[in-house]
Amino acid sequence: MKEINITTSFTIFDNLKELPEEIQDLMNQAVDIRKKAYAPYSKFRVGTALLLDNGKIVLGSNQENAAYPSGLCAERVAIFHAGSVYPEAKIVKMAITAASDTNPTTAPIPPCGSCRQSIAEYEIKQDTPIEIYFMGEIGEVYKSSSLKNLLPLMFDKKFL
Ligand code: THU
């Protein structure tokens with residue numbers, strides 16, 4: 001028997017102002033798109049902005065449905081859009097923000113498990129880490145240097 005230890009680490013910023021201007025801009029675009037989320041059921045709005053290596057920015061917000069599982073998270077709306085429109089481009093950075101209509105969201109909101117799996121597919125495809133920044137509405141911002149850092153022991157194509 002043996003035990004393995006997998007290290008995962010994050011950089012925590014006290015607030016958005018501590019980050020480089022480029023990341024502030026990206027996060028502010030995520031905030032703008034978050035406000036346009038279609039979230040009549042959860043009242044929990046999520047916005048995502050992706051910076052691609054061709055300089056384009058791709059945005060997404062969560063899109064809910066009366067048949068709940070038919071809705072989609074903001075991260076996957078953005079990443080699938082980027083994969084559709086710019087299939088050759090690499091995703092360099094990703095900014096995520098979430099806010100509830102009913103109570104203030106100060107904790108940084110990480111991408112859910114399904115989104116992590118979906119983002120992993122693109123990180124592996126492009127063979128370059130995606131820097132991920134996530135926050136609530138205000139307060140701390142977490143930075144992960146890659147998706148892999150958020151999903152140790154990930155399932156990917158090498159197992160097929
Ligand atoms: N949601 C996201 O957009 N991203 C996540 O990573 C977690 C959850 C959305 C899905 C649903 O519309 C709402 O937040 C509440 O779960």
Side-chain angles (χ1 to χ4, degrees), residues 1-13 16 19-20 22-27 29-31 33-34 36-39 41-42 44-65 67-99 105 107-136 140-160:
M1 196 186 85
K2 66 177 176 179
E3 191 176 297
I4 58 164
N5 286 295
I6 302 174
T7 304
T8 185
S9 68
F10 302 91
T11 310
I12 302 176
F13 300 87
L16 192 55
L19 284 144
E22 181 193 43
I23 306 301
Q24 291 189 39
D25 287 351
L26 196 64
M27 189 60 88
Q29 296 201 50
V31 169
I33 199 75
R34 183 192 80 205
K36 296 180 189 156
Y38 179 60
Y41 305 106
S42 72
F44 189 75
R45 298 170 189 276
V46 186
T48 300
L50 307 175
L51 173 65
L52 309 186
D53 68 349
N54 61 9
K56 302 278 184 198
I57 290 181
V58 174
L59 306 174
S61 65
N62 51 328
Q63 300 296 311
E64 298 187 347
N65 194 285
Y68 290 5
S70 299
L72 198 61
C73 292
E75 295 91 327
R76 277 176 286 166
V77 169
I79 209 144
F80 293 159
H81 187 197
S84 309
V85 181
Y86 306 108
E88 307 304 333
K90 292 185 180 184
I91 299 157
V92 185
K93 296 174 200 293
M94 179 168 200
I96 305 164
T97 169
T105 306
I109 304 297
C112 77
S114 297
C115 286
R116 291 182 203 200
Q117 183 66 32
S118 299
I119 301 162
E121 184 70 26
Y122 293 86
E123 186 170 273
I124 290 162
K125 173 184 166 225
Q126 67 183 35
D127 198 23
T128 308
I130 302 173
E131 255 177 40
I132 303 176
Y133 298 83
F134 52 93
M135 66 180 295
E140 287 182 336
V141 183
Y142 275 37
K143 174 190 173 187
S144 176
S145 53
S146 65
L147 185 283
K148 193 172 193 296
N149 182 56
L150 279 169
L151 194 60
L153 288 184
M154 66 168 75
F155 178 80
D156 66 49
K157 63 184 179 187
K158 72 173 179 290
F159 297 116
L160 297 176

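We use all heavy atoms of the structure for the numbers below, so side chains are in, but hydrogens, waters and symmetry mates are not. Fair warning: this is a prediction, and the values are worked out from it, not measured in the lab.
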Looking only at non-hydrogen atoms, find the nearest pair between [X] and [Y] and report the distance.
X    : Y    : result
A120 : M154 : CB-SD, 3.9 Å
N65  : A67  : OD1-N, 2.8 Å
L52  : A82  : CD2-CB, 4.3 Å
P87  : K125 : O-NZ, 3.1 Å
G60  : I33  : O-CG2, 3.4 Å
H81  : L59  : ND1-O, 4.3 Å

Are [X] and [Y] side-chain neighbours, meaning at least one heavy-atom pair lies under 4.5 Å?
X    : Y    : value
E75  : I79  : no
C73  : C112 : yes
I132 : I96  : yes
T105 : F44  : yes
I130 : I119 : yes
M27  : L19  : no

[atom1]/[X] to [atom2]/[Y] distance, rounded to the nearest 0.5 angstrom?
X    : Y    : atom1 : atom2 : value
S145 : E131 : OG    : CD    : 7.5 Å
S144 : R116 : OG    : CZ    : 8.5 Å
T97  : R45  : OG1   : CZ    : 12.0 Å

Looking only at atom types and distance, does a side-chain atom of [X] sit under 3.5 Å from a main-chain N or O of [Y], one as donor and one as acceptor?
X    : Y    : answer
Q117 : F155 : yes
E140 : P108 : no
R76  : S118 : no
S61  : V46  : no

Practice problem: Please state whether the rings of F10 and F134 are parallel, tilted or perpendicular, taking 30° and 60° as the class boundaries. | Solution: perpendicular
Quiz item: Which residues pass the side chain to side chain donor-acceptor pair (under 3.5 Å) test with S42, sequence neighbours left out?
Solution: E64
Exercise. Identify which one of T128, L147, L151 satisfies the side-chain contact (heavy atoms from CB on, under 4.5 Å) criterion when paired with E123.
Key: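 Option passing the side-chain contact (heavy atoms from CB on, under 4.5 Å) with E123: L147.
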Quiz item: What residue among D53, N54, I91, L50 forms side-chain contact (heavy atoms from CB on, under 4.5 Å) with Y86?
Solution: N54
Quiz item: More than 12 heavy atoms of other residues, nucleotides or ligands under 6.0 Å from NZ of K93: is that the case?
Solution: yes
